[in-house]
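Structure first, commentary second.
Hydrogens, waters and symmetry mates are skipped; everything else that's a heavy atom, side chains included, is used. Note that the coordinates shown come from a computational prediction; the quantities given were computed from them, not determined experimentally.
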Amino acid sequence: MHRVFVYGSLKRAQPNYPLITDSSNGKAELLATATTVQKYPLVIATQYNIPFLLNLPGQGHRVHGELYRVDEKMLKYLDWFENIPTMYQRTVVELEINELADVVDEELSPGNITEASVYSTTTYQPDWPSLPAYQSYDSNADHGLKFVLREDRNWASARRC
Ligand code: PCA
């Protein structure tokens, strides 16, 4: 089993959450909400308003997200979906556990520090570190930068032409 920290479109109530709950992609169980121990810039970039955690520890905010336990199948699926290693890289992040979910994991309790994988990026555009940084991602927040689902992306760029 693996642990993955999600901070963007894969969180509950965000556009790609259905992928994590789809058992044909593998198994994922919510363990807890968590916050990164270090600060990172969580920015929204590209014409499709995609959230990226830039691998620049010490800048931005301590980022809020959700910690999942996933099986090998789901990890492979997420690696494929997140375009590893082109768009994101899967790195290890240190987390502080906030609230525990219903799934019991003996090692976790609120306030504990633990590690998990995260889809972060070092392959960002030069201007991304100066974009507004968020503490907690929400596609529908008042920044107005609503996430464009992958299946809508060609259509969106076709309309612009
Ligand atoms: N999906 C991954 C990385 C960014 C995104 O939108 C996540 O939610 O953690």
Note, Val37 side chain near Ile113 side chain (heavy atom, < 4.5 Å):
yes
What do the steps show when you test Arg3 against Glu107 for salt bridge (Lys or Arg N to Asp or Glu O under 4.0 Å), and what is the final call?
CA-CA 12 Å; Arg3 282 177 179 179; Glu107 291 171 30; 3.6 Å; yes
Dump the intermediate steps for side chain to side chain contact (heavy atoms under 4.5 Å, CB included) on Thr33 and Arg12, then the final yes or no.
CA-CA 11 Å; Thr33 55; Arg12 289 175 294 184; 3.6 Å; yes
Answer yes or no: is there a donor N or O on one side and an acceptor on the other, between the side chain of Asn16 and the main chain of Ser9, under 3.5 Å?
no
Decide whether Leu75 and Val92 are clustered together by the hydrophobic rule: side chain heavy atoms of Ile, Leu, Val, Met, Phe, Trp, Tyr closer than 4.5 Å, transitively.
no
Please tell me whether Val103 and Met74 are part of a single hydrophobic cluster in this structure, the criterion being side-chain heavy atoms less than 4.5 Å apart.
yes
Please evaluate residues Glu82 and Arg90 with respect to the criterion salt bridge (Lys or Arg N to Asp or Glu O under 4.0 Å), reporting the C-alpha separation (whole Å), side-chain torsions for both, the decisive distance (0.1 Å), and the verdict.
CA-CA 9 Å; Glu82 302 295 5; Arg90 178 151 53 80; over 6 Å; no
Are Val104 and Ile97 grouped together when hydrophobic residues (ILVMFWY) are joined by side-chain heavy atoms under 4.5 angstrom apart?
no
Side chain proximity check, Pro110 to Leu100, heavy atoms < 4.5 angstrom
yes
In the structure I gave you, are the side-chain heavy atoms of Glu72 and His2 within less than 4.5 Å of one another anywhere?
yes
Can you confirm whether Val93 sits close enough to Leu95 that some side-chain heavy atom of one is under 4.5 Å from a side-chain heavy atom of the other?
yes
Would you say Glu66 and Tyr68 are linked by a side-chain donor-acceptor pair, where the criterion is simply a distance under 3.5 Å?
yes
Heavy-atom pair of closest approach, residues Asp22 and Ser24:
OD1-OG, 2.7 Å
Cation-pi, Phe147 ring and Arg153 (6.0 angstrom, 45 degrees)
yes
Go through the side-chain N and O atoms of Thr36 and Glu94 and say whether any donor and acceptor fall under 3.5 Å apart.
no
Compare all side-chain heavy atoms of Tyr124 with those of Phe52 and state whether any distance is below 4.5 angstrom.
no
Flag for Asn112-Thr114: side-chain donor and acceptor within less than 3.5 Å:
no
Examine the side chains of Tyr48 and Asp152 and answer whether a donor and an acceptor come within less than 3.5 Å of each other.
no
Heavy-atom check, side chain of Leu19 versus side chain of Tyr77, under 4.5 Å
yes
Exercise: identify the closest heavy-atom pair between Gly60 and Ala133:
CA-CB, 4.2 Å
For the residue pair Tyr137 and Lys11, what are the closest heavy atoms and their distance?
O-NZ, 2.8 Å
Sidechain-backbone polar pair: Gln14 side chain, Ser139 backbone, donor-acceptor under 3.5 Å
yes
Candidate pair Ser120 and Gln89, rule side-chain hydrogen bond (donor to acceptor under 3.5 Å, both in side chains), full reasoning:
CA-CA 6 Å; Ser120 69; Gln89 293 84 47; 5.4 Å; no
When you look at Tyr134 and His143, which way does the ring pair (Phe, Tyr, Trp, His ring centres under 6.0 Å) test go after all the steps?
CA-CA 10 Å; Tyr134 303 93; His143 50 58; 5.2 Å; yes
Check whether any side-chain heavy atom of Val118 sits under 4.5 Å from a side-chain heavy atom of Tyr40, and report yes or no.
no
Same apolar cluster (I L V M F W Y, side chains within < 4.5 Å links), Ile84/Leu53:
yes
Is Lys39 atom NZ crowded by more than 12 heavy atoms from other residues, nucleotides or ligands, each under 6.0 Å away?
no
Quick check: closest heavy atoms across Pro57 and Gln38, and the distance to 0.1 Å?
CB-OE1, 3.7 Å
Kindly work out whether a path of hydrophobic side-chain contacts (I/L/V/M/F/W/Y, heavy atoms less than 4.5 Å apart) joins Leu67 to Met1.
no
Shortest non-hydrogen separation from Ile20 to Ala28 and the atoms involved
O-CB, 3.6 Å
Cation-pi check for Phe81 against Arg150: NZ or CZ below 6.0 Å from the six-membered ring centre and within 45 degrees of the axis, yes or no?
yes
Begin with the C-alpha distance, continue with both residues' side-chain angles, and end with the deciding distance and a verdict on side chain to side chain contact (heavy atoms under 4.5 Å, CB included) for Leu78 and Leu10.
CA-CA 10 Å; Leu78 294 175; Leu10 291 169; 4.0 Å; yes
Show the nearest heavy-atom pair for residues Ser130 and Asp127, with the distance to one decimal.
OG-O, 2.9 Å
Verdict with supporting geometry, His61 and Thr35, side chain to side chain contact (heavy atoms under 4.5 Å, CB included):
CA-CA 10 Å; His61 302 279; Thr35 307; over 6 Å; no
Judged by modelled atom types alone, do Asn140 and Lys146 share a side-chain donor-acceptor pair under 3.5 Å?
yes
Return yes if some donor-acceptor pair links the side-chain N/O of Asn83 with the main-chain N/O of Thr86 below 3.5 Å, else return no.
no
Note, Ile50 side chain near Met87 side chain (heavy atom, < 4.5 Å)
yes
For Asp71 and Lys27, indicate whether the former's side chain and the latter's backbone hold a donor-acceptor pair under 3.5 Å.
yes
Inspect the surroundings of CG in Asp102 and state if more than 12 heavy atoms from other residues, nucleotides or ligands are less than 6.0 Å away.
no
